[in-house]
Amino acid sequence: MKTMTDSERWLERRDGVAPVWARYTDLVVERGEGSWIETIEGQRYLDYTSGIGVINTGHAHPRVAAAIAEQAGKVIHAQQNILFHKPGLELHERLPRYFPGAVGDAVGGERMGLFLSNSGAEAIEASVKLAKIATRRPLVVAFRGGFHGRTHGAMALTSSNVKYRGHFEPLPGGVHFVPFPDPLRLGGGSADAALATTMAAIDELFATLAPPDDIAAFLVEPILGEGGYIVPSDAFLPALRAVADRFAIQLIVDEVQTGFGRTGTFFATDATGTVPDIVVMAKGIASGLPLSGILARRSLLAKFSPGTHGGTYGGNAVACAAAVATLDVIEDEQLVANAARQGERLLAGLEQVAGDHPSVVEVRGRGLMVAIEFADRRTLQPRPDLAKAVMAGAFERRLLLISCGTYGQVVRFIPPLVTTDDEVDLALDTVREVVATLAE
Ligand code: PLP
């Protein structure tokens, strides 16, 4: 009789796990370190998923783990309505300094503040509620292909895949969508043409469906995440800013996936020189503890009068300690610069090892947010079968990758920002081997 492995024994308990979780692997993880995870049998995998862009400081960074342990030994939950705690106060002082364009913690003399919650979707809800209460306007303009989370409000703003909305209607109303300036599919390969089409669609929206003085906010990802790792023209956010300024619309940037050094600048918005009104954060903020938040001018945050928004766990003490340690690690280990450097190597390397495959339409990305899109080069018909084959081949070779894009046709690479030259080279060798086995 075949003896069961430890993993198989543990997996016998999986039947109660809600099948709603899309499963990429059946690995049972025991520990992680840096860019690596290790199963309970001791098999090591290079984790280029980072838990979907969360573990920017690497798995179980010792400084983050120590900060969590130390805080947990003192106080775990000190509710925001009732108490202050040291890691929370430190985080509220430090994070506003990262607001795009800030000098110290101020932009144009206006000081920034922070509201903390638990998940990306929850922070999205906060951002839209704030824009609405501040402007007393009812509508939001979001972008096709965007993903902002799975609560009812966040779903209503999401259009990266019909599965996030289908059979859940009615969703909250008051959302209008315009096309994201996707250079490949909207601009025929030209970022400028795509941007022109998007800006024309906004004009048309204003003329046909929604007058600008009804619009509270633009909600936008600086680089599309779940929608396919699509990098728009650098002129996109400045162009949106100009329209927002003209009509007193709030500009909300969703930096949930792009933030905390991921794209080679602290926030992806930084690379465009744009000053938004609200920055939405989660994922990389606390190296894996559930924490999220929004940054905005203090005068704007003050539009939320006490009790109009909140939550039991927002600003949890242990999560804040993890976030403070995360900022320390990002700074001390110069992870933003490493993301830029390794990202360039990864992008150039993937172009070399995969770019010539006849069904690769684009290798793209910024910093350590990099992707290969598979589609027919002539018709742009998506090829999710090839993306799946790449993920499966990589998995056999112990490299973890996940997909994105509406049709699952994009393989994304989201390494921890601590990833090294050797790890990037190993990932590239693996992809080279896998692509060599791919059908056309
Ligand atoms: N916004 C973006 C850009 C995201 O990528 C995600 C999650 O993938 C969210 C919002 C939602 O975050 P959460 O899953 O923490 O609710």
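Values in this document were obtained by computation on a predicted structure and should not be read as measured data. In listed order, ligands and their atoms are each counted from 1.
Taking the six-membered ring for Trp and the full ring otherwise, F395 and Y45 have centroids separated by under 6.0 Å. Aromatic pair F236/F180: centroids less than 6.0 angstrom apart.
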Without placing hydrogens or testing angles, list every side-chain donor-acceptor pair under 3.5 Å for residues 312-325, not counting sequence neighbours.
| residue | atom | partner | partner atom | Å |
| --- | --- | --- | --- | --- |
| N316 | OD1 | V318 | N | 2.9 |
| N316 | OD1 | A319 | N | 3.0 |
| N316 | ND2 | I76 | O | 3.1 |

All N/O donor-acceptor pairs, side-chain side in residues 300-310, below 3.5 Å, sequence neighbours left out:
| residue | atom | partner | partner atom | Å |
| --- | --- | --- | --- | --- |
| T308 | OG1 | S305 | N | 3.2 |
| T308 | OG1 | S305 | O | 2.6 |
| H309 | ND1 | K129 | NZ | 2.8 |

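Under 4.0 Å from any atom of ligand 1, one finds heavy atoms of residues S119, G120, A121, F147, H148, G149, E221, E226, D254, V256, Q257, K283.
K74 meets the salt bridge (charged side-chain N to carboxylate O under 4.0 Å, His left out) test with E70; sequence neighbours excluded.
Between R364 and D182 there is no salt bridge, since no side-chain nitrogen of the basic residue lies less than 4.0 Å from a carboxylate oxygen of the acidic one.
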